[in-house]
Amino acid sequence: MTESLGFISDLGLILIFTKVLGMISRKFRLPQVIGAIMAGLLLGPAMLNIITETEFIHDLSKLGVIVLMFGAGMHTDMSSFKKTGKPSFVVACVGVLVPLIGGFLLTWICNRPAFLDTSDASASVLLQNIFIGVVITATSVSITVEALKEMGKLDSEVGNVILSAAIIDDVLGIVVLTVVTGFAGESANVVWVLFKMLAYFVLAALVSLLFHKAFNWYQHYIGHDRRRLMTFSLVFCLFLAYTAERFFGVADITGAFIAGLAISNTERREYIARNTEVLSYSLLSPMFFASIGLKVSLPSMTPMVLLFTLFFLIVAILSKVIGCGFAAKFFGYNKEEQMQIGFGMMTRGEVALIIANKGAATGLMSNVFFGPIVLMVLLTAIVTPAFLKWSFRKSKAEALHV
């Protein structure tokens, strides 16, 4: 009986450590997600080895991913894309393509028995190599926004390009993830996978439209109690997430994101988003981010894995900075603005971790890559605000000398 209650103490420890370390991260003007990951590293096999990932933690963290992406969809403002238009889209596309190629080539070189042991992944070596490229395609919207807000540059033209491109970047990353996970099966057929993807997006669009109309009708004619709207919204999110993966082979986080988009332009969006954020912030997100840290066993990081981590970090940084900065050049942005856009797109965060977690669950990624990915996320999250401040300060100093 006492052993069956172990999940309660695990839950309590994870929550208190994620919040305390999150507050410490915020004190140093770093995203709180870093503190949550560090909590998992501290409590897990990597350091103190107090907690290991149980089935309860795994299931709760999976729900955390779904709710996190549901909230991200609700906070997506499609009108913001109009401010930057074509530049943002091109920057985002290049910001996905260059890291995808860079990550693939690096893993193609290193993913060999003499270098890295990835035999625990069930997918083919080719798919594994592609997937590591997919992991570093996403830009963290939350970390980028936090850094730009602190500098008062969120509403600047460069800030708008970075924000819009980062949002498009994440959407493209989810689409690429869906395609790659669809090919993970041994009998995967390219045409069939693409057809199921298209069928799901059509179905999701129709269901979202019907839900949107029913949602508005209910709140105007029946729904005096807003709490029911919150419940209906969560059920809709879980429905789209479940059907996506169960029947169409599409990532469940894609369904959750679409559900959020369907609610993003309703009158009660702020209420639902606010309450979803409370649910996510207080329980589910800490469990997800801590579970990432719990998966890492640093002692198992051999010299070869550490060497791969170094090269992986370099590729992750340069592919965004050079790729996105180069794309911005074709739209008339000067060197300082190109540098700012590149640095703004450099940071990774929750989406990269979500993709990595998804890959491990589907056999697309070996556990040997968790350490390098977590370290990459941590380091890019730490250095991005510093690089952005330096680039904007440099630009301002040069303007004063003109």
Side-chain angles (χ1 to χ4, degrees), residues 53-76 122-123 134 170-171 173-185 187-188 192-215 218 227-264 266 269 272-273 275-280 283-285 287-289 291-292 350-351 353-365:
E53 189 183 41
T54 61
E55 186 176 350
F56 168 75
I57 293 175
H58 173 77
D59 291 342
L60 205 57
S61 66
K62 188 176 181 67
L63 183 59
V65 176
I66 291 172
V67 173
L68 190 67
M69 295 308 297
F70 179 51
M74 281 191 287
H75 282 97
T76 300
S122 59
V134 174
D170 283 352
V171 173
I174 292 172
V175 172
V176 173
L177 169 65
T178 299
V179 174
V180 175
T181 52
F183 293 134
S187 59
W192 178 239
V193 168
L194 294 177
F195 173 77
K196 287 201 300 181
M197 262 190 66
L198 179 61
Y200 176 74
F201 284 119
V202 171
L203 175 64
L206 292 174
V207 172
S208 296
L209 180 62
L210 291 174
F211 178 82
H212 182 79
K213 290 182 177 296
F215 187 95
Y218 178 85
R227 291 174 296 182
R228 292 194 184 97
L229 290 176
M230 179 67 194
T231 302
F232 294 155
S233 300
L234 282 175
V235 169
F236 177 59
C237 165
L238 295 173
F239 169 77
L240 280 187
Y242 175 77
T243 54
E245 189 154 320
R246 178 66 178 82
F247 299 109
F248 295 90
V250 175
D252 51 11
I253 57 175
T254 305
F257 187 80
I258 293 173
L261 287 177
I263 297 172
S264 64
T266 61
R269 180 187 71 89
I272 296 170
N275 283 275
T276 300
E277 187 174 348
V278 171
L279 175 64
S280 180
L283 176 63
L284 298 178
S285 289
M287 295 301 294
F288 167 66
F289 290 119
S291 73
I292 296 297
E350 60 276 6
V351 177
L353 296 175
I354 289 169
I355 292 174
N357 196 59
K358 189 67 185 177
T362 55
L364 277 166
M365 190 186 80

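Side-chain atoms of Leu279 and Leu284, non-hydrogen and from C-beta on, do get closer than 4.5 Å to each other. Side-chain contact check for Phe257 versus Ile253: every heavy-atom pair is 4.5 Å or farther apart. Counting only heavy atoms from C-beta outward, the side chains of Ile263 and Phe70 approach each other to under 4.5 Å.
A pairwise comparison of heavy atoms in Met74 and Ser264 identifies O-CB, 3.5 Å as the closest pair.
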Can you give me every donor-acceptor pair (side chain of residues 59-66, partner residue at least two apart or in another chain, under 3.5 Å) with its distance?
unit_1 : atom_1 : unit_2 : atom_2 : d
Ser61  : OG     : Ile57  : O      : 3.1
Ser61  : OG     : His58  : O      : 2.7
Lys62  : NZ     : Asp252 : OD2    : 3.2

Donor-acceptor pairs are to be reported for all side-chain atoms of residues 198-211 against protein atoms at under 3.5 Å, with residues two or more places apart or in another chain.
unit_1 : atom_1 : unit_2 : atom_2 : d
Tyr200 : OH     : Leu240 : O      : 2.9
Ser208 : OG     : Ala204 : O      : 2.6

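Note: Met69 CE to Ser280 OG = 11.5 Å, rounded to the nearest 0.5 Å. Interatomic distance, Phe215 CZ to Ile272 CD1, rounded to the nearest 0.5 Å: 3.0 Å.
In this structure Phe239 satisfies the ring-ring contact (aromatic ring centres under 6.0 Å, His included) test with no other residue, sequence neighbours excluded.
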